[in-house]
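One structure below.
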2 protein chains.
Amino acid sequence: MDDLTEMLKGTLEGCVLEIIGGEETYGYAITRRLNDLGFADVVEGTVYTILLRLERNGLVRVTKRPSGMGPPRKFYALNDAGRAELARFWTKWEYLSSRIDKLREGGG
Amino acid sequence: MDDLTEMLKGTLEGCVLEIIGGEETYGYAITRRLNDLGFADVVEGTVYTILLRLERNGLVRVTKRPSGMGPPRKFYALNDAGRAELARFWTKWEYLSSRIDKLREGGG
DNA sequence: CTCAGTACTTTGTAACACCGAGTACCGCTA
DNA sequence: TAGCGGTACTCGGTGTTACAAAGTACTGAG
């Protein structure tokens, strides 16, 4: 697949929110999950910057836990503000994708 | 609708390509068309920067024509490279939206 | 004890949409 | 004839974002 970088702007953060909303998890695992889902080129650095942003914006609760497989992990879970932000993300995504599909179908 | 700015990154240019691909047209009209299609907050300055970029990247043919209603208009039409880029855009869009929908459906 | 795998951090970069202000041409009206 | 609103394009600067690159650090296997 071609480079999706620009198209991911504004949506990748929503994807991370959705993943965290599904279960409490941590950066490294989120990166693997995104890769498995087809976002093959997303790297750790990108996910960590998003996680730091979510934390800074007060959308997540963070818990540090030891790991048997390396350094301690920072687990992320959505709080109320995070769930609200996730809902807003899906509203925007639906709006955007419906407009784009309309444009394609003859709107053009 | 909330602010779509970040989500439009990487897609708005594709929308402009699609509009130009439908018929030869000019910046001011493209802005109105986008506004009518639901991209209500897109302003002229944004569209013109996209058009200049398309021109710089050799994706369009530009023709200046006088207008009965103001200053001369710069009409834009896709060339071969532009049509190829438009096709790439739709491929990427389909890929992205399918992954996002999958993520939402339980992928999360 | 080196190495691969796990796991997080930090600094800097490029691309994009957007903002604000400006220029300029036109038809209408007072 | 002066002003105004609508049309039409340009330009410099801003903030946000995903990404690249390099580093730190812990663990278990060979």
Side-chain angles (χ1 to χ4, degrees), chain A residues 1-17 25-35 39-57 59-60 62-76 85 89 92 96 99-100, chain B residues 1-17 25-35 39-57 59-60 62-76 85 89 92 96 99-100:
Chain A
M1 174 55 48
D2 269 5
D3 184 32
L4 288 179
T5 298
E6 293 307 324
M7 218 178 254
L8 284 177
K9 288 185 178 174
T11 69
L12 192 56
E13 180 178 311
C15 295
V16 172
L17 281 171
T25 182
Y26 58 99
Y28 190 80
I30 293 170
T31 308
R32 295 291 148 264
R33 185 105 189 75
L34 285 168
N35 294 153
F39 303 96
D41 298 334
V42 173
V43 295
E44 293 169 49
T46 300
V47 173
Y48 288 115
T49 52
I50 291 175
L51 291 173
L52 290 177
R53 192 160 72 232
L54 296 180
E55 189 175 357
R56 193 174 67 238
N57 293 345
L59 303 175
V60 289
V62 187
T63 316
K64 202 169 214 167
R65 298 212 187 92
S67 158
M69 296 290 290
R73 298 167 174 163
K74 282 177 73 178
F75 280 81
Y76 294 83
E85 181 61 30
F89 166 72
K92 289 202 283 185
L96 177 65
R99 303 299 141 153
I100 301 249
Chain B
M1 175 54 49
D2 270 4
D3 183 31
L4 287 179
T5 298
E6 294 307 325
M7 219 177 254
L8 284 177
K9 288 186 180 175
T11 68
L12 193 55
E13 179 179 310
C15 294
V16 171
L17 281 172
T25 181
Y26 57 98
Y28 190 80
I30 293 171
T31 308
R32 295 291 147 267
R33 184 105 189 76
L34 285 168
N35 295 152
F39 304 97
D41 297 334
V42 174
V43 295
E44 293 168 50
T46 299
V47 174
Y48 287 115
T49 52
I50 291 174
L51 290 172
L52 291 177
R53 193 163 68 232
L54 295 179
E55 188 175 358
R56 193 175 64 239
N57 294 344
L59 301 176
V60 289
V62 187
T63 315
K64 202 168 214 168
R65 299 215 187 89
S67 158
M69 295 292 288
R73 297 166 175 165
K74 283 177 73 178
F75 281 81
Y76 293 82
E85 181 61 29
F89 166 72
K92 291 202 283 185
L96 177 65
R99 303 298 142 154
I100 302 248

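Every heavy atom of this structure was used, including side-chain atoms; hydrogens, water molecules and symmetry mates were not.
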For [X] and [Y], which heavy atoms make the closest approach, and how far apart are they?
X	Y	value
B:Lys74	B:Val62	CE-CG1, 3.7 Å
A:Val43	A:Thr31	C-CG2, 3.9 Å
A:Cys15	B:Ile100	SG-CD1, 3.7 Å

Tell me the interatomic distance from [X], atom [atom1], to [N], atom [atom2], rounded to whole angstroms.
X	N	atom1	atom2	result
B:Asp2	C:dC18	CG	C1'	17 Å
A:Ile30	C:dT6	CD1	C1'	15 Å
A:Leu8	C:dA17	CG	C1'	16 Å
A:Asp3	C:dT13	CG	P	19 Å
A:Arg53	C:dT11	CZ	C1'	16 Å
B:Leu12	D:dT17	CG	P	17 Å
A:Arg65	C:dT6	CZ	C1'	17 Å

Hey, are the side chains of [X] and [Y] touching, using non-hydrogen atoms and a 4.5 Å cut-off?
X	Y	result
B:Glu13	A:Glu6	no
B:Leu96	A:Phe39	yes
B:Val16	B:Leu34	yes

Are any protein N/O atoms closer than 3.5 Å to N/O atoms in nucleotides 7-9 of chain D? If there are, list each pair with its distance.
{"unit_1": "D:dT7", "atom_1": "OP2", "unit_2": "B:Tyr28", "atom_2": "OH", "d": "2.8"}
{"unit_1": "D:dT7", "atom_1": "O5'", "unit_2": "B:Tyr28", "atom_2": "OH", "d": "3.4"}
{"unit_1": "D:dT7", "atom_1": "O3'", "unit_2": "B:Met69", "atom_2": "O", "d": "3.3"}
{"unit_1": "D:dA8", "atom_1": "OP1", "unit_2": "B:Ser67", "atom_2": "OG", "d": "3.2"}
{"unit_1": "D:dA8", "atom_1": "OP1", "unit_2": "B:Arg73", "atom_2": "NE", "d": "2.2"}
{"unit_1": "D:dA8", "atom_1": "OP1", "unit_2": "B:Arg73", "atom_2": "NH2", "d": "2.1"}
{"unit_1": "D:dA8", "atom_1": "OP2", "unit_2": "B:Tyr26", "atom_2": "OH", "d": "3.0"}
{"unit_1": "D:dC9", "atom_1": "OP1", "unit_2": "B:Lys74", "atom_2": "N", "d": "2.6"}
{"unit_1": "D:dC9", "atom_1": "OP2", "unit_2": "B:Gly27", "atom_2": "N", "d": "3.4"}
{"unit_1": "D:dC9", "atom_1": "OP2", "unit_2": "B:Tyr28", "atom_2": "N", "d": "2.9"}
{"unit_1": "D:dC9", "atom_1": "OP2", "unit_2": "B:Tyr48", "atom_2": "OH", "d": "2.6"}

*Choose from D:dT17, C:dA17, D:dC19 the nucleotide whose nearest atom is closest to any side-chain atom of A:Glu13.*
D:dT17
*Ignoring the backbone of B:Glu6, work out which of D:dA18, C:dA17, D:dT16 is nearest its side chain.*
D:dT16
*Spell out, as yes or no, whether a donor-acceptor pair under 3.5 Å connects the side chain of B:Asp3 to the backbone of B:Thr5.*
yes
*Starting at the 5' end of DNA chain D, which residue's closest nucleotide do you reach first, A:Gly68 or A:Thr11?*
A:Thr11
*Considering only heavy atoms and no angle criterion, is a donor-acceptor pair shorter than 3.5 Å present between the side chain of B:Lys9 and the base of C:dA15?*
no
*With heavy atoms under 4.0 Å as the rule, sort B:Ile50 into base, sugar-phosphate or nothing.*
sugar-phosphate
*asked:* By the 4.0 Å heavy-atom rule, please label B:Thr46 as base, sugar-phosphate, or nothing.
replied: base
*Using heavy atoms to find the nearest nucleotide of DNA chain C for B:Asn57 and B:Asp41 separately, return the residue whose nucleotide is more 5′.*
B:Asn57
